[in-house]
Amino acid sequence: MERLRSAPPPVKRPAKKSKKAVAAMRPAEYAAYIGRLAAAGMVRRRPLGRGPFLAGFRIFYADGDVGAASPMTRDRMDYLVRYGATLVPTYDPAHLTHVVTTLDRAQFARKTGLESPRDVPDALPVLRWEWVKTGERAGGLARWHEHAAYNDHVVFEAVVPEGERRTVPEACRRGRSSSVQAKGKAADVEGRPDAGDAEASRISEFTQDRLAGLAAEQKPHASVQKAQRTRGEPSTSAATPHGGGGAADPLAEFYAAARAERETELRSDTPLRTGHAAAAAGSRQTGAFQCDIVPDGKVGTCPNQDVIDELNKLVKVHRQGATREDGFKVGAYTRAINGIRKLKTRIKSSEEALAIAGVGSKTAQKIMEIIETGHLRRLDHVLTKEIAILETFQGIYGVGPKVARQWLAAGCRTLDDIREGKHGVKLSTAQHTGLKYYDDINARMPREEAQAIFELIKPVALSIDPKLFVDIMGSFRRGKADCGDIDILITRPTDDGKSHIGRRLHCKDPRKLTTPLGVLRRLLKELHERGVITEDLNVPEDWDDLELVYRGLCRRDSKGLQRRIDFLTVPYKSRGAALLYYTGDDIFNRSMRLKANKMGYSLNQRGLYANVIRNPSDRRQKFNEGVIIASETEREIFEKLGVPWQEPHQRVRGG
DNA sequence: GGGCTGTACTG
DNA sequence: CAGTAC
DNA sequence: GCCC
């Protein structure tokens, strides 16, 4: 709880809870607790400049927590309170102005005890966390429609220009009137100013932007006004409605077009009401987890492709760098590129660039240089030739940055140098194979070929044991048209007491095994004999393990190229986690793990774990392994993490 | 100022 | 343990 | 290099 600084001890100070007690609180308990702290003046509001832009709002926060509120939930609740919101511990739509959640509609309904997802009221804005973060950045409120969790159709309705506005759904109006009544009461009970409630009653009548205007206008927090003045804005700008204004709204056309496309993720150069730099390029989705944002499936050409190409060169350069920083820069630039890729308009100013998630001041500067001059001067002075050589070397399976640099330093320049063992180069077995089939391995294969190879393999596996689950993962499962390799997952239900390793699970003495060959060992033997598998790269050492990883090369027929293939066997229990992991993509996986981490969980290919205690001085080191809370299906993992369900083809975050 | 996904195999 | 792969 |  060190996030909330204590004020000088007041007379009636709520009992200070121990860290442990706080950590054990359920979300509702924590919300109530922090509410008491706030009421006692023990929550320090944010310093002037940002302003308590959530003042008067009554927010219910729902996350995927199981049991105790996770560190992330507590963090976010702290945050909401610090910016002036009143946290409502339980879901009581009549007493709320906003809901902030990471859950999808069905999860939210379940969590809040609603009978059906249809009962989630449309009149109440249900928003993603990014709405809060974007609002903070913009120095005011962000537009709902860009951050609605799932009732975006209604929220979107609200920003449709007057002339084109459709009838607000019946359910909406009902929900509103009933909530208005109860709100005044709630305000009394909590002894809070009712400004927020008065606003909330207008939610469906006014546009989001008007509401934002009202928030600033009717509740003139000195800090907000000061912040605006500091930025040199005319004070009227805060109250100027746009987006929801009359027919003169310059954005009307834009909205109409967007609606026509049923676009839910609007990104434009639409200024928010403040005209503040951070807001100038529309919503900045920082603070959100990539995995929470379901992509809209549209690709389209990117108006900033030149910027992306140039930044990609920078990624290449740093990928060859030796330091840890280089590695993190690769990640940072990659995230920035991802943000830029989603942008649908040409970047025109460094402010716009800065507003992109993952783009900071340094990258924004570089972006502007690219836009103004067409390239980065910094790249002119970089040893492109050496970089190219390092990349070539790393194209060899088993060769990474270290070895590549070593070879370069030793004087090697070409693959032939390596082949000939010049300058004392020695190859491991895997590297030798990797070099031998260099071109094949680095070529991508058409999806059809992956499918064909899989169809050679699956029947063989099933002939060994018809109860096996054999599935192809990776980019193939994500529906990509071309694949870099083939990932095959093997598992087997244990309901008959057997698993993919054979009978050993129930045979205490291994020497008495009657079926000594595990499935994978037999399968690989078969595939070798049939010429499907041609080379091994990485062979498990203990074939009797439940979890095995095999890496090798295979081909469709004697005329086909050699393709990379991986086999994984996993215990039936952890098939969901394995499926999730081996389906990817990379960025999606990282994001899921990061979110799990922030929620106090840990996610790996075996499952989602709670109560993992990490070494505070080295977070990667775990003191205990925790309690497994989900692993059998992908869905339960999504659910526990409060991530909206996404089919494999939707889990694409990278290129 | 610290974190940035997390695990397994190879030599 | 460092390096590599996924 | 970005973000908290």
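Each chain gets a letter, A, B and so on, in the order its sequence line appears, and its residues count up from 1. Treat the numbers as computed from the prediction; the structure is a model and nothing was measured.
For residues 601-611 of chain A, proximity to DNA chain C is found at no residue, defined as any non-hydrogen atom under 4.0 angstrom from a strand atom. Near-neighbour residues of DNA chain B inside residues 575-588 of chain A, defined by a heavy atom below 4.0 Å, number-ordered: A:Tyr581.
A cation-pi geometry, defined here as NZ or CZ lying under 6.0 Å from the six-membered ring centre and within 45° of its normal, does not hold between A:Arg76 and A:Tyr79.
Under 4.0 angstrom from either OP1 or OP2 of B:dC4 there lies no side-chain N or O belonging to A:Arg324. Contact annotation: A:Asn538 side-chain N/O to B:dT10 OP1/OP2 distance is under 4.0 Å. Phosphate proximity of B:dG3 to A:Lys598: absent, as no side-chain N or O sits under 4.0 Å from OP1 or OP2. The side chain of A:Ser428 contributes no N or O atom lying less than 4.0 Å from OP1 or OP2 of C:dT4.
Among the protein residues, A:Ile396 comes within range of the sugar-phosphate backbone only, with heavy atoms under 4.0 Å from sugar or phosphate atoms but none that close to a base. The residue A:Thr429 sits close only to the backbone: its heavy atoms come under 4.0 Å of sugar-phosphate atoms, none of a base. Residue-level contact check: A:Gly400 touches the backbone only, with heavy atoms under 4.0 Å from sugar-phosphate atoms and none from bases.
For the residue pair A:Trp645 and A:Glu647, a side-chain donor N or O sits within less than 3.5 Å of a side-chain acceptor on the partner. At a cut-off of 3.5 Å, with distance as the only test, no side-chain donor of A:Arg335 or A:Asn338 sits close to an acceptor on the other residue.
Using a cut-off of 4.0 Å between Lys/Arg side-chain N and Asp/Glu carboxylate O, A:Lys313 and A:Glu310 are scored as salt-bridged.
Residue pairs satisfying the side chain to side chain donor-acceptor pair (under 3.5 Å) criterion with at least one member in residues 393-409 of chain A, sequence neighbours excluded, are listed as follows: A:Gln320-A:Gln394.
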